[in-house]
2 protein chains.
Amino acid sequence: MGTEGERMGLRERKKQETRIALSWAAIRLAVERGLDNVRVEDIAAEVGVSPRTFNNYFSSKGEAIAARHQDRARLIAVELRARPASEPLWEAITNAALTQFALGQEGGGEGVPDRQWIDGVRLMITEPSLMGAFSKTAAAAEAELAAAIAERTGTDAALDLYPQLVAGVVGAAIRVAMERWLQADPPVPIAGILRDALHRLFQGLPVP
Amino acid sequence: MGTEGERMGLRERKKQETRIALSWAAIRLAVERGLDNVRVEDIAAEVGVSPRTFNNYFSSKGEAIAARHQDRARLIAVELRARPASEPLWEAITNAALTQFALGQEGGGEGVPDRQWIDGVRLMITEPSLMGAFSKTAAAAEAELAAAIAERTGTDAALDLYPQLVAGVVGAAIRVAMERWLQADPPVPIAGILRDALHRLFQGLPVP
DNA sequence: CGGAAATGTTGCTGAGCGCGCAGCTTGCGG
DNA sequence: CCGCAAGCTGCGCGCTCAGCAACATTTCCG
């Protein structure tokens, strides 16, 4: 699944690589030894760059950790745009969202085990000091999703609040699904939870 | 509207006062001279406490600024619990939310002009470095709201994701309404926007 | 191919922040 | 009225974050 990094010169290539490497390193170290036992210095060393360079990519540890989620969430909007126009809106959104949260099957292909992503998510939701960064990425992703929705439905995002509303709802569904998913003791695939959540919301929130 | 601060000794009283004073001072200064031209030292001085004390109340500038929104959002859950059980759920939630966002009429009674709150909200949404703190408070408020909803509907928040879902939707509506409200050039009362947003969501998100 | 321009990396440095600690002050309850 | 829990404060340390100025390397274009 080549995002768009096919013909972007070796330089750009390398940049993306170190960015991702830094992000994963931050997550891994934070999971292993606890967030505040990890200094920027350590993360940089892990990847083999200077601490200063770390700050060129991310302005904080939290941002580095949240970046993985950021990228993933971004793709929902991209995926939505790629869906055939014939598909009903709800279906398209649901499918778009599910493509990014379907674990177990080949994932992102970057060779990163799902386990690592799971730990990362748990970390972001558990550590209060990360929640800020986490929510921030979610908000950014929602904005992009809103744009995609506006485009698809032909509504003007600046006038009608419909697109932002729908995007917000999707964001809420994802957040809730993630929380529930992490709690589930006999592990359950997140896809099911998310599908259920979206289904309910799109149905019109019937009173139980 | 005495939250619950009637008979809590002078000490506790004073604490709440300085907390709120610090928060408002942070907002006012940040609005006046720009967020990064304000040091913790300045805020503390404004209120007449030591910089060290500021950090006893808030762990960061952002937290101090977001605190005002935090308190306001918290009250939605409280208000919901106070609503008569006879009221339909949607109506109760909408009314509860509106009580906290009805500007123009007597407001919180603390003698703080609405203008200040407006500026504060604008600040939180505008400055990227504040978005984290802002979202964090929103999340906390949503959790409380979810609990209140669970209680009211008799659902178990730990088993059914319905309460969190509804709370998330309300949160999304508030966020969207706020953004739109700040953009509106001929100023429009936020209550109308929020009511509209909630109405649409609770209707079942009809396709436009 | 070769050299200039653009771009990324790095060390250095300084302003701030966040917090633990220890002593002092002050409201609280018996 | 006194002892005590709870706050406030100053001090100090380790860390974060960004600007600046070399330095290295890729890219572009003649």
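The phosphate of D:dC17 (OP1 or OP2) has no side-chain N or O of A:S59 nearer than 4.0 angstrom. A close approach under 4.0 Å does occur between a side-chain nitrogen or oxygen of A:S50 and OP1 or OP2 of C:dT10. The phosphate of C:dG27 has neither OP1 nor OP2 within less than 4.0 Å of any side-chain N or O from B:K14. Residue A:Y57 places at least one side-chain N or O under 4.0 Å from the OP1 or OP2 atom of C:dT9.
Atom CG of A:N55 is separated from atom C1' of D:dC15 by 11 Å (rounded to the nearest Å). Taking atom CZ on B:R13 and atom C1' on D:dA6, their separation rounds to 18 Å, with Å as the unit. Protein atom CG of A:N56 is 12 Å distant from nucleotide atom C1' of C:dG11, rounded to whole Å. The interatomic distance linking B:F54 (CZ) with C:dC17 (P) rounds to 9 Å, in whole Å. In this structure, CZ of A:F58 is placed 16 Å from C1' of D:dT16, rounded to the nearest angstrom. What separates CD of B:E12 from C1' of D:dA5 is a distance of 12 Å, to the nearest Å.
The side-chain heavy atoms of A:R68 and A:Q116, taken from C-beta on, include no pair separated by under 4.5 Å. A heavy-atom distance below 4.5 Å is found between the side chains of B:F134 and B:R175.
For A:K15, the listed nucleotide lying nearest its side chain is C:dG8; candidates were C:dT10, D:dT9, C:dG8. The side chain of B:S60 approaches C:dG18 more closely than any other nucleotide in the set C:dT9, D:dC17, C:dG18.
Of the residues in residues 36-46 of chain A, those lying under 4.0 Å from DNA chain D by heavy-atom distance are A:R39, A:V40.
With sequence neighbours excluded, the residues forming a side-chain hydrogen bond (donor to acceptor under 3.5 Å, both in side chains) with B:E63 are B:S59, listed by chain and number.
Between the side chains of B:Y162 and B:T153, no donor-acceptor pair is found at a separation under 3.5 Å.
The aromatic rings of A:W90 and A:F202 lie parallel to each other, their planes meeting at an angle below 30°, with 60° marking the opposite boundary.
Considering CD1 of B:I76 and CD of B:E142, their distance stands at 9.5 Å, rounded to 0.5 Å.
Not a single donor-acceptor pair under 3.5 Å links the side chain of B:K61 to the backbone N or O of B:A30.
One N or O donor and one acceptor, one from the side chain of A:R52 and one from the base of D:dG19, sit under 3.5 Å apart.
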